[in-house]
Structures are given as structure tokens and as C-alpha cells.
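Structure, as C-alpha cells:
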Amino acid sequence: MSDVRVRFAPSPTGFLHVGGARTALFNWLFARHAGGTFILRIEDTDIERTREEWVTGIQSTLRWLGLDWDEGPFRQSERAHLYAEAADKLVASGHAYREGGAVRFRPPAEGATTFTDVIRGDITVDNSTLEEFVIVRSTGHPTFYLANAVDDVDMGITHVIRGEDLLPSTARVLLVREALGTTEQPVFAHLPLLVGQDRQKLSKRHGDVALEDYRDKGYLAEALRNYLALLGWAPRDGREIVPIDDVVAEFRLEDVTKAAAFFDHQKLDHINGEYIRALPVATFVRESLPWLETDPPWPPENFDADVFDRMAPLVQERVKTLAEVPAMVDFLFLDEPVIDEKAWNKAMKPPAADVLDDAVAAYETTEWTSEALHGVTLAVAVGHGLKLAKAQAPIRVAVTGRTVGPPLFESLAVLGRQRVLDRLQAARARLAEQAAE
RNA sequence: GGCCCCAUCGUCUAGAGGCCUAGGACACCACCCUCUCAAGGUGGAGACACGGGUUCGAAUCCCGUUGGGGCUGCCA
């Protein structure tokens with residue numbers, strides 16, 4: 001193990017959002033690449049806003065993403081004595097003073113603070129531009145400036161990798177460290193911010209920022225992790241679907257870009273689709289089951305795992321998220337297909353009625369395989385001077401309710417002769433009614 | 001306002017002075033494949049913010065302008 005020690009230090013005042021997850025990922029990638037130590041530190045100094053569900057939620061989300069930590073979680077709320085000691089020391093040395101129970105740090109009036117950022121180069125801030133800041137609240141709890149400074153020193157953090165929004169606080173924290181007697185500095189890497197459509201820092205008001213929601217919306221952890229890695233970093237060879245081991249092997253902080261990045265759901269969808277299609281079918285089936293068994297759009301007792309197994313390979317290559325799976329196969333488990341009226345109107349134009357009649361006749365006697373169904377349906381189409389593409393439309397709508405879906409003849413084969421005939425006849429009857437009106 | 005950061009197609013990026021007529025991916029458009037839809041294939045449209053330098057030569061270096069963002073909390 002190398003000397004590299006990094007930490008992800010979230011504040012548990014909310015769920016882990018995509019920006020935080022990206023920061024955690026980059027810390028983890030750097031640590032794993034360097035053979036260093038990845039530490040999880042919960043910065044819960046703001047006890048008013050801390051909630052235990054967030055503390056556990058952040059951890060479970062990190063685990064879901066596969067970001068395992070080597071030390072921690074450490075909680076600043078359990079290290080109060082360290083900060084109190086440091087505050088006393090700063091007051092005694094005159095770097096800070098008490099006021100109304102709080103402790104305020106006084107930056108030097110002269111000089112400048114310089115630090116190294118591997119992404120942005122050296123950055124220098126005139127100390128005179130810094131105003132006094134609170135390091136201990138009147139409640140006795142430390143603020144970020146104190147706790148962060150104390151812990152990074154105490155935990156031997158060598159590289160501070162975090163969002164660019166923390167960049168302005170760097171000089172302040174460094175001054176606190178110096179006042180405490182630590183002149184060595186960690187190497188900094190301020191990651192470009194993740195922004196929304198409005199180019200503003202991603203925050204809760206943008207919506208769709210809670211990482212755990214992505215799991216619930218049918219995204220695979222591997223896909224999300226892959227996409228997140230591409231926000232501010234790119235492999236040398238230009239690949240975009242990159243196995244995590246390759247990312248770890250190639251990741252370098254110096255290659256991280258500087259400009260803010262927009263979190264593009266469309267690209268995430270594309271990458272998620274790539275990952276879904278790459279899954280072994282059995283895995284795809286297993287991952288899909290929760291979506292099929294929880295709150296299905298059909299009577300739960302109708303679900304048949306064997307039926308789904310047969311359709312799974314055809315569904316797998318057509319969805320971008322697992323959440324889309326139920327709608328792809330609902331016609332198999334619904335007592336009656338839910339007819340989309342727009343689809344109906346589009347597909348049930350002449351000679352749809354005749355096509356349905358011929359299909360019924362053909363399907364009553366044909367061998368019940370997708371190949372045979374394909375053959376007899378083609379004959380029906382030819383009989384009407386239609387291309388198969390045209391002729392299959394009314395059949396598809398009658399049986400599945402939609403104009404799009406998995407390949408029709410496989411669908412019919414799986415559904416079974418009787419139910420297919422029932423649905424074709426029901427559609428035929430409805431057409432007759434419409435004609436009579 | 002002050003301090004700091006940033007600036008290549010709509011989006012994510014490649015580009016570390018000549019390899020750039022600026023490459024790839026997503027999205028978009030067309031065509032092909034095709035039982036629908038996807039997937040796949042081919043092609044297309046689409047960017048170096050602007051102005052000065054430096055240099056034989058700049059997307060790449062420097063300065064300025066403009067634009068965007070972050071911070072400016074007893075949040076982190």
C-alpha cells in the first residue's frame with residue numbers, strides 16, 4: 001500500500017447527490033489507482049441538520065456504486081475533544097478569540113497563502129482579502145474550517161479531492177492548519193462542478209439528483225459509475241464504455257478537465273442501455289424481477305417467470321432502463337391488452353378487418369411457432385398485396401395494444417394460440433361495431 | 001461589490017505550437033438492414049467566445065475584453 005490517503009467527507013444533511021457521488025468516485029479511483037487508502041469521514045458538525053437516515057443512506061448508496069472504503073466511517077460528532085483542544089490552542093496563541101461563546105479565527109492581515117492544485121495549477125490568495133470566520137459555534141460545535149483542518153492533519157490526508165465549490169475555503173483551512181503548527185500541505189484537486197441545464201451548480205432544486213433515485217429508476221450501478229467517470233475525465237483511447245478496472249488503471253488527476261460539466265440524462269440512458277444489453281440474459285432476468293413483481297400493471301398472480309424468460313432476450317436489447325421492462329411485456333400478463341387508442345386508429349384502417357379475419361383463419365390451424373406464424377402471416381399479407389410490415393400492424397395492436405414492442409411472432413408464440421385468437425376476434429368485433437356506427 | 005475559478009460542435013470530450021480541412025461519443029437528420037420498435041451499418045449538419053500579442057507557424061503560450069460559474073453563513 002502506498003502513502004496516498006484520501007477521504008470522501010460528505011455532510012449528512014441530505015441524500016448523496018450525483019455531484020457528491022462523482023467526488024466520491026474520483027477519490028476512490030485515485031486511491032485504488034495509487035494503491036492508497038480511501039477514507040470515509042462523515043462531517044456531521046451541524047447537528048441541527050444531520051439526520052441518521054442520511055448517514056446510513058450515504059453509506060448504502062456508496063456501497064451500491066461499489067465504492068468501498070478502507071477506513072471509517074469516522075464521524076466528527078465523535079471527535080469533539082480534538083476540535084475543542086485545537087480551538088483552545090488557537091485562542092491561547094492569539095490566532096482566534098472568543099466572542100459570545102463562539103470562536104472566531106483571525107486571518108493574518110498580511111502575506112499570502114499559496115497551494116498546489118493538480119488540476120488548476122498553483123493558486124495564491126492574499127490573506128488581506130480574507131475576513132474573520134467562525135471556527136466554533138456558540139453551541140460549542142466546530143465548523144467545517146476547524147474540523148476539516150484538524151481531521152485532514154490527524155488522518156494524514158495526502159490529497160484533497162473535492163468539488164470546486166470548496167476552492168475558496170482552501171486558503172482559510174490552510175491558515176487554520178498553519179496556526180495549529182502544520183506547515184505541510186496536502187495536494188489539492190478541485191473537480192469541475194456538475195451543473196444543470198441552467199449551468200448552475202447541481203442542487204436539490206434541479207430534481208433527479210439523488211443517486212438512490214437512479215437505482216429506483218432502473219439504472220445499473222456499473223453504468224451510472226461509468227457515466228460519472230466520464231464527467232471530467234476521459235480514457236486515452238477515447239472509449240466511453242469502460243470497465244471499472246480499466247478506469248482505475250488509467251485514472252490520473254492531472255487529466256481531469258477544468259470546466260463544469262452538464263449531467264446529461266440522455267447520454268446516461270445510452271450508456272445504461274449498453275450495459276443492459278451486455279448483461280448475461282440470466283442476470284438481466286434477475287435484475288428485472290423486482291420491476292415485474294413490485295406494483296406490476298397486471299394482476300400479480302398472472303405473472304409467469306417462465307413466460308418472461310422466453311421473452312427476456314428480446315426485451316433486453318430494447319430497453320435503456322429496467323423500469324421500461326414491464327411495459328414491454330405487459331400484454332403477456334394482462335387479462336386483456338390495454339389498447340392505445342392512437343395506435344388503434346393508426347393501425348385499424350382498411351384492409352385491417354380483412355387481415356384480422358385471414359389471420360384468425362390461418363392461426364387456427366398453423367403450427368404454433370414463431371417461424372410458422374411468420375410464414376402464414378406473410379401469406380396473409382401477400383394475399384392483400386401488402387408488405388408484412390403493414391399487415392402485422394393491426395395484429396400487433398389487437399394482441400398487444402401497441403404499434404411497437406418485441407418481435408411480433410415470438411410474442412404470439414409465447415402468448416399462446418387461444419389467447420391470440422381471442423384478442424384478434426375481440427378486435428375484429430370492435431371493428432365491426434365501428435363500421436356499423 | 002470583493003476574492004477565486006473557468007471558456008473546443010446543443011451536450012460530454014480528444015487536442016499538451018506544425019500530425020487539425022479540429023477527432024470521437026450522446027442527441028438530431030437521411031439512407032441501409034428489417035415483421036414494429038430497438039440494436040447495427042453508412043452518410044450529414046454541427047465548435048476552437050472576441051481582440052491584441054509571441055512565433056516561420058497558435059485551438060494549443062502571454063495579455064486584455066466579454067461571457068459563465070463558485071465563494072463571500074455560528075452550511076459544507
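Computed from heavy atoms alone, side chains included, the values below leave out hydrogens, waters and symmetry copies.
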Report summary line: In 5'-to-3' order, the base (B), backbone-only (S) or no-contact (-) status of each nucleotide in nucleotides 3-16 of chain B, using a 4.0 angstrom heavy-atom cut-off, is SSBSS---SBSSS-
Requested in this report: With a 3.5 angstrom cut-off on both distances, give the Watson-Crick or G-U wobble partner of B/rU54, or none if there isn't one.
Outcome: none
Query raised in the report: Is any side-chain nitrogen or oxygen of A/Q200 closer than 4.0 Å to OP1 or OP2 of B/rG69?
Result: yes
Report task. Decide whether A/H159 and A/N27 meet the rule of one side-chain donor and one side-chain acceptor closer than 3.5 Å. Result -> no
Requested in this report: List in numerical order all residues of residues 271-283 of chain A for which some heavy atom is under 4.0 Å away from an atom belonging to RNA chain B.
Outcome: A/R277
Query - Pairs involving residues 358-373 of chain A, ordered by first then second residue, that meet salt bridge (Lys or Arg N to Asp or Glu O under 4.0 Å) (sequence neighbours left out) - result: none
Query raised in the report: Which pairs pass salt bridge (Lys or Arg N to Asp or Glu O under 4.0 Å) with one or both residues in residues 76-94 of chain A, sequence neighbours excluded?
Result: A/R79-A/D151, A/R79-A/D154, A/D88-A/R98
Query raised in the report: What is the distance, rounded to the nearest whole Å, between atom CD1 of A/I47 and atom P of B/rA76?
Result: 11 Å
Query raised in the report: In residues 357-389 of chain A, which ones come under 4.0 Å of RNA chain B, going by heavy atoms?
Result: A/H374, A/L388, A/A389
**Report entry** Separation of the P atoms in B/rG51 and B/rA58, to the nearest angstrom
**Finding:** 14 Å
Query raised in the report: Below 6.0 angstrom between ring centroids: does that apply to A/H374 and A/F409?
Result: yes
Report task. Using only heavy-atom distances, decide whether a donor-acceptor pair under 3.5 angstrom links the side-chain of A/E43 to the base of B/rC75. Result -> no
Requested in this report: Please determine which of A/Q59, A/R7, A/R41 meets the side chain to side chain contact (heavy atoms under 4.5 Å, CB included) test together with A/W69.
Outcome: A/Q59
**Report entry** Complement of B/rC3, any strand, by Watson-Crick or G-U distances under 3.5 angstrom
**Finding:** B/rG70
Report task. Rounded to the nearest angstrom, tell me the gap between atom CG in A/L174 and atom P in B/rC71. Result -> 19 Å
**Report entry** Pairwise C1' distance, B/rC26 and B/rC9 [rounded to whole Å]
**Finding:** 12 Å
Query raised in the report: Going by atom types alone, do A/D269 and A/Y219 pair a side-chain donor with an acceptor below 3.5 Å?
Result: yes
**Report entry** Base partner of B/rC19, which must satisfy Watson-Crick or wobble distances under 3.5 Å
**Finding:** none
Query raised in the report: Watson-Crick or G-U wobble partner for B/rA59, using a 3.5 Å limit on both distances?
Result: none
Query raised in the report: Which pairs count as salt bridge (Lys or Arg N to Asp or Glu O under 4.0 Å) when at least one residue sits in residues 101-124 of chain A, sequence neighbours excluded?
Result: A/E99-A/R104, A/R104-A/E132, A/R120-A/E164
Report task. Could you please name the partner base of B/rA49, counting Watson-Crick and G-U wobble pairs only when both distances are under 3.5 Å? Result -> B/rU65
Report task. Taking atom types as modelled, find out whether A/E222 and A/N226 have a side-chain donor-acceptor pair closer than 3.5 angstrom. Result -> no
Report summary line: side-chain hydrogen bond (donor to acceptor under 3.5 Å, both in side chains) with A/T113: of A/N127, A/D126, A/T170, only one passes, and it is A/N127
Query raised in the report: Paired with B/rC31 by Watson-Crick or G-U wobble geometry, both distances under 3.5 Å: which nucleotide is it?
Result: B/rG41
Query raised in the report: Is it the case that A/H33 and A/R252 place a side-chain donor and acceptor less than 3.5 Å from each other?
Result: no
